[in-house]
> 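Below: one structure in structure tokens.
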Amino acid sequence: IGVVQIVQHGSLDEANRGFVDALKERGYGPDKVEIEQENAQGDQSNLKTIVSRFKAEKPKLICAIATPAAQAAANEIKDIPIVGTAITDYTSAKLVQNDERPGGNVTGVSDFAAMDAQMELAAKLIPQAKHVGLIYCSSEVNSEVQANQMKDYCKKHDLAVEERTVNNVNDIQQVAESLIGKVDYIYVPTDNTLASSIPTLMKITDANKIPVIVGADIMAKDGALAALSVDYYRLGKQTGELAADILDGKVKPETSPIQHQKDYTIVINKQDAEILGLTIPEEIARKANMV
Ligand code: TRP
């Protein structure tokens, strides 16, 4: 089995660990299968090299972690099952024909948490908000999908959106500074470019007391105020189960619908709430995972 992950960061590492654990529980442990782990360190050309090697080695199955990794694998490899995990939207990323009937060699599990629920959490934490900032990387289709849903929600709820896109991590500081004094909070989706740069962003936002709401639990652990997110370890386990079903010959990718996680975890960063001088409503504190 070949595993290709776009970059090293908490959410993706957790999904990876869950994938390996579930396979082992299903009888595909180290005694039975060799799992080759590859990480592209966020580099597109590394992705190409890894995928070409997998193509030559012909593993029984490939697990692709995050959208760019799955796109690279799916572009090159058409005759080996590819199971995705931590992928926002398979159809927009052109990984499948549609979520119900993928139609090719790719299927998997999505990490998209309902945008309404994410925005309602933000509304409870920052009830007076009228202007919302949005930061993401313009070349990531996974972020674009989340950004579009976020903007739809804001339109319906009379919230003005200040949208900013970055090309790479070097743009983050400038973009964050451009939002000072203009927004009541900032939303950051599960964006692979921003994933490792939450601390950079927080330096500016904390100094200016701007709350940051994020799409993944790990980003709240990294310093952002709050997230409503899937549990990435469980997501990985679900992916491993699916992979085992494929290896067992029980299901085929082309007819195996994209799976979702239906229950979400709320993560609140206590220390950041303190920095911001924000009181967490009792109703949220009770069900949240306080980190
Ligand atoms: N959903 C992202 C994708 O489709 C990957 C991802 C999952 C992610 N969790 C994250 C990115 C947390 C950044 C931060 O590519």
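This one's a predicted model, so the numbers in the text were calculated from it and none came from an experiment. All heavy atoms count here, side chains included; hydrogens, waters and symmetry mates do not. Both counts, for ligands and for their atoms, begin at 1 and track the order of listing.
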> Other hydrophobic cluster members with Val267, side-chain heavy atoms of Ile/Leu/Val/Met/Phe/Trp/Tyr under 4.5 Å, chained?
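Via sub-4.5 Å side-chain contacts, Val267 links to Val291.
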> Using the side-chain contact (heavy atoms from CB on, under 4.5 Å) rule, pick out the option among Asp191, Asn192, Asp171, Thr165 that qualifies with Cys137.
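Of the listed residues Asp191, Asn192, Asp171, Thr165, the side-chain contact (heavy atoms from CB on, under 4.5 Å) partner of Cys137 is Asp191.
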> Determine yes or no for a side-chain-to-main-chain donor-acceptor pair under 3.5 angstrom, with Tyr185 supplying the side chain and Leu125 the backbone.
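Side chain of Tyr185 to backbone of Leu125, a donor-acceptor pair under 3.5 Å: no, none is there.
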> Which side-chain N or O atoms in residues 173-182 pair as donor and acceptor under 3.5 Å with protein atoms at least two apart or in another chain?
residue, atom, partner, partner atom, Å
Gln173, NE2, Glu177, OE2, 3.4
Ser178, OG, Arg164, NE, 2.8
Ser178, OG, Val175, O, 2.7
Lys182, NZ, Ser178, O, 3.3

> Quick one, list the residues around ligand 1 where some non-hydrogen atom comes in under 4.0 Å, by chain and residue number.
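Ligand 1 pocket, heavy atoms under 4.0 Å: His9, Ser11, Leu12, Ala66, Thr67, Pro68, Ala86, Ile87, Thr88, Asp111, Asn142, Thr190, Asp191, Asn192, Ala195, Ala216, Met219, Tyr232.
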> Counting heavy atoms not belonging to Lys203, are there more than 12 under 6.0 Å from its NZ?
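Not buried by this count: 12 neighbours or fewer within 6.0 Å.
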> Got a sec, which pairs hit side chain to side chain donor-acceptor pair (under 3.5 Å) with one end in residues 268-284, sequence neighbours left out?
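Applying side chain to side chain donor-acceptor pair (under 3.5 Å) to every pair that reaches into residues 268-284, excluding sequence neighbours, yields Lys124-Glu283.
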